[in-house]
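Only one structure is covered here, and it is reproduced in the block below.
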Amino acid sequence: MFSPRVQKLIDELSKLPGIGPKTAQRLTFHLLKLPPEEALPLAHALIEVKETVRFCARCFNLTESELCSICADPTRDRSTLCVVEEPADIISLERTHEYRGLYHVLGGALSPIDGIGPQKLRLAELSERVRAEGIQEVIVATNPNMAGEATALYIAEELRPLVEAGTLRITRPAAGLPMGADLEYADEVTLSRALAGRREIR
Amino acid sequence: MLVGRVRFLNARAQRLLEIELAEGVNIIVGPNGAGKTTVLEALYLLLTGRPLRAANIRDIITEGAEVLRIEADLAGPTGHLLAAAAYGRDGTRRLTANGARLDDASRWKESIPVRTFVPDDLRLIKGSPRRRREYLDGLASGREPEYSMVLRRYEEALAQRNALLRAPWGTGSSTEFTPWERVLADTGPDLCRMRADTLNAFVPAFQEMYARLTGEPGVSLHLVYRTNAWGLDSAEYRDRLRDMRAADRVRTYTQLGPHRDDIRLTRAGLDVREYASQGEQRTILLSLVLAEWLVCEQAGRRPLLLLDDVMSELDPDRRRRLIGLLLEGSQVVITTADLRYFESFELEKARIIRLRREESRV
């Protein structure tokens, strides 16, 4: 229906998450209408990002050099490691300015249904790092859904010997009610966890 | 809540139909092919999000039409609400309540529980255990508020463990299995307990309905809960799952657990499937539906009961008994080809809705 090159662009765009064939077609025609000086920067940005951005050799965050800015920062607390699923989670946690330790990006969560077993995640690297770097606390900040919880349990199981030896603490961020929310609209799981994890008012 | 005006567009042979349901018994009468059952199908689809019987939603859309629309006025203690659904031939659907978009058709499950009886659908009795588990799930989630959530967690963890059993990369190591087995051991025993409690509480209603419908004692009828995970606490359940890993990997599915439950319908200890005639099985099925309906009524949830051509199935005595029962309920829609099945005093208390074959061709 379209020329082979146009069809190729539509096909490539429709491989992106959340983009179906119709949207891909719309985007393609939009790009075709743009003058070259507006369309080409997108292509250049894509090439640059793929050529320069890679994973940090230590924590697997995104970086343009060997180590990411957090791993390279000498002021960070090197005894604490926060485990997250994706690099985007680091950005959220950094925005809080509450956490001064290091990170470890797993690259997802365990989900056999989607073919994701322990080997597909950077779990072996995590175990090795915790031992080699003398980490004292691991905060498992995987998502509070079943896959994230299962991954947290897996990590706890793997690192159990260190916990039993008294050299490591494994924690999980508290689960509870979001700020500014109404109790009325909270689901039962969130509410029961929030109750289980209640604290003294001081 | 009660259903008032119902309108639908492009449902089977009905291009456009508008009817007004009343509180109490509504009788839809018309010749074969007038679209009586279509009214039930459309109501059921709107309020449950699922097709009645085994029909595909696409099959309900009029041939040549693109979109099926169903609307109903729902009247409750707090006012009126317009429930609407549009189903496209391309599989799209759009559900709204007073124009506001809904994600999920189960929105109406709480406010208007729908119960149906279709005489030639004996799958609940004769079909696979899955059917009976779904029935039990429906009963249990109406009784125990946390049931659906526990079931969802159980099913998700089960699917993950089954995928792990089949995964070519699986090593069979304990750490791979433990996270999912912990969730299963947390939820499995709770499911068994809630299912058994639900069934025990339900049996008397079932027996009562059978007795009222037939005039014969129903006490020898029983619903027996069958599970392979009975009496295990969470720790024992975990141990059993762990011990069965190797065997489960060979079979590629999880053998232990309530996902393999079944209900046995018995009379004086005999399986109904084996001893009962077709007619008797229908009566038993109708008693089950009526018992569910009774439980809903007693809980003040005002269910909608849809009965498809039930009168032709029963002898005059049972017909009279059934109508007597139905007149006590909040809202019933019943289809028939012949009003002579009803006594004149019964007809006086009911709303009669006549469908003609011509109308459906408009």
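For clarity, every value in this text was computed on a predicted model and none was experimentally measured. Just so it is clear: chains get the letters A, B, ... in the order the sequence lines come, proteins before strands, and each one is counted from 1.
Around the CD atom of A:Glu38, the shell of radius 6.0 Å holds more than 12 heavy atoms that belong to other residues, nucleotides or ligands. Crowding of A:Arg169 atom CZ: a count of heavy atoms from other residues, nucleotides or ligands under 6.0 Å not exceeding 12.
At a 4.5 Å heavy-atom cutoff, B:Ala167 makes no contact with chain A through either its backbone or its side chain. Neither the backbone nor the side chain of A:Ile155 comes within contact range of chain B, judged by heavy atoms closer than 4.5 Å.
Looking at residues two or more places apart in sequence or on another chain, you find no ring-ring contact (aromatic ring centres under 6.0 Å, His included) involving B:Phe177.
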Write out all chain A-chain B donor-acceptor pairs shorter than 3.5 Å, or none if the list is empty.
| residue | atom | partner | partner atom | Å |
| --- | --- | --- | --- | --- |
| A:Ser111 | OG | B:Gln160 | NE2 | 3.0 |
| A:Ile113 | N | B:Gln160 | OE1 | 3.0 |
| A:Gln119 | NE2 | B:Trp169 | O | 3.4 |

